[in-house]
Amino acid sequence: MSDPTRRAFLKQTTAAAAALAAGCATPSTAIRLAKRRPLIVSTWGFGKPANELALKVLQEGGSALDAVEQGVRLVESSGNTSVGLSGLPNAAGVVQLDACIMNGPGHQAGSVAGVEGVVHPISAARLVMEKTPHVMLVGPGANWFARQNGLGVRDGQADEASYRAWLARQKKPVPGKGDKPENHDTIALLILDENGDLAGGCSTSGWSGKVPGRVGDSPIIGGGVYVDNAVGAAGATGLGENVMRYCASYQVVENMRHGMSPTEACAEAIRRIARTDPKGMDLAINFIAINKKGEFGAAGTQANFPYSVTTPEFSEVRKGKPLSQATQKEGGNE
Ligand code: ASP
């Protein structure tokens, strides 16, 4: 490569890196980003090892769905206090789990809600999608289905000692109107594969100390995750009650359909919810999004909402666009 060509190449890659660092891309960098497939984006810093496993699955010939499932399973068995059976229990001392999965091609979806003792709810969600004529199974029926299909199912009762310790910290034994959870997170993971197809999934133990039977946004298609293979995919984490009332992941994808970048699509969904909601920006909600072109972004009412991005070239934790009452008035700070 001659020197001037090399300089031009370096200039281009530096510009692309700057656009990436901002979590957005200009139309010219989008062309380069389109080559950054596969692209994997997930919620929180704990999504990074999940992304990296998902990338490995893809590189070894697995499908986007295999990669979503394996990535999410990693977090489900990682000891996380908000995902999988290590998640904090509900008010009755039982760990109830929610998960969903969506495949862009064919617009397929599956989910499970309020399952107890299921080691990998994401796998149960995938089996609902692939083996039944249904989209969603809940509670004991979903547990039965998981067992019938050979998935690991244990006792859903939380470990007695840690439950007692957790209960002792609670101000109230059961949450009432207006209360907020002490602990909640979700792994949501989105993939754009080498063929340009999209898939996504999520898994959570939800609101710690929730009223038994409470189901959050995560297993709701269009709430916790939404994938439209022609446009993009979005995922949510945060207070599910503030996501599911607004079909918020669906909104994020629709915003992208109307031309917004992934970051702006997430931010605009939050602003729109805040305009309607009596709580304003006090929502505790965060979103990640990717589009068909290989652009990605995130925004949240939590300052510095961390999300993980992985491609064959890099894997790192970034910060979503922060939204608050103040930044809303300023029209955002991107
Ligand atoms: N969205 C999840 C729920 O409400 C929790 C979270 O992501 O923080 O169940």
Side-chain angles (χ1 to χ4, degrees), residues 41-47 50 71-72 75-76 78 80-92 94-102 111-116 118 121-122 124-125 136 138-139 142 156 158 175 177-190 200-226 234-252 266 269-270 273 277 279 282-289 298-308 320 323:
V41 176
S42 63
T43 49
W44 307 110
F46 59 67
V72 171
V75 185
E76 287 175 340
S78 68
N80 192 298
T81 56
S82 307
V83 181
L85 287 176
S86 51
L88 290 174
N90 65 19
V94 178
V95 183
Q96 286 185 329
L97 304 172
D98 297 336
C100 81
I101 196 161
M102 233 184 141
S111 83
V112 291
V115 291
E116 297 176 9
V118 176
I122 190 71
M136 187 175 201
V138 304
K177 196 81 186 159
D179 288 345
K180 289 180 179 171
E182 175 204 57
N183 183 85
H184 58 94
D185 278 334
T186 297
I187 174 72
L189 190 147
L190 312 173
C202 71
S203 182
T204 186
S205 55
W207 175 322
S208 67
K210 60 195 171 188
V211 176
R214 177 265 188 189
V215 169
D217 59 314
S218 303
I220 307 296
I221 304 305
V225 162
Y226 192 69
T237 182
L239 211 47
E241 282 70 6
N242 293 340
V243 173
M244 63 205 288
R245 286 181 294 130
Y246 294 97
C247 303
S249 288
Y250 177 75
Q251 276 196 42
V252 172
C266 295
I270 296 171
I273 294 169
D277 206 279
K279 297 186 209 77
D282 186 21
L283 296 163
I285 56 175
N286 308 286
F287 299 96
I288 54 171
T301 58
Q302 171 176 332
N304 301 326
F305 160 56
Y307 72 107
S308 300
L323 291 179

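Since the model is a prediction, treat every value here as computed from it, not as a measurement. Residue numbers start at 1 and run along the sequence shown. Both ligands and their constituent atoms are indexed starting at 1 by order of listing.
Of the protein's non-hydrogen atoms, Thr186 OG1, 2.5 Å is the one closest to atom 7 (O) of ligand 1. Looking only at protein heavy atoms, the nearest one to atom 3 (C) of ligand 1 is Asp217 OD1, 3.4 Å. Shortest contact from atom 8 (O) of ligand 1 to any protein heavy atom: His184 ND1, 2.5 Å.
Within the 3.5 Å criterion, the main-chain N or O of Thr186 finds a donor-acceptor partner in the side chain of Thr43. Looking at Ser82, its side chain never comes within 3.5 Å of a backbone N or O of Ser205 through a donor-acceptor pair.
Some N or O of Gly240 is nearer than 3.5 Å to an N or O of ligand 1, by distance alone. On a distance-only criterion, Thr204 and ligand 1 share no N/O pair closer than 3.5 Å. At least one N or O atom of Asp185 sits closer than 3.5 Å to an N or O atom of ligand 1. In terms of N/O distances under 3.5 Å, ligand 1 is approached by Gly238. For the pair Thr237 and ligand 1, the shortest N or O to N or O distance falls below 3.5 Å.
Separating the CE atom in Met136 from the CD1 atom in Ile221 is a distance of 7.5 Å, to the nearest 0.5 Å. Interatomic distance, Leu189 CG to Ile288 CD1, rounded to the nearest 0.5 Å: 7.0 Å.
Under the side chain to side chain contact (heavy atoms under 4.5 Å, CB included) rule, Leu283 has a single partner from Leu239, Thr301, Leu323, which is Thr301.
Minimum interatomic distance between Gly114 and Asp98 (heavy atoms only, all atoms of both residues): N-OD1, 2.9 Å.
Looking only at atom types and distance, the side chain of Tyr246 has a donor-acceptor partner in the side chain of Asp277 under 3.5 Å away.
Nearest residue to atom 4 (O) of ligand 1 from Met244, Gln302, Arg214, Gln96 is Arg214 (criterion: closest heavy atom).
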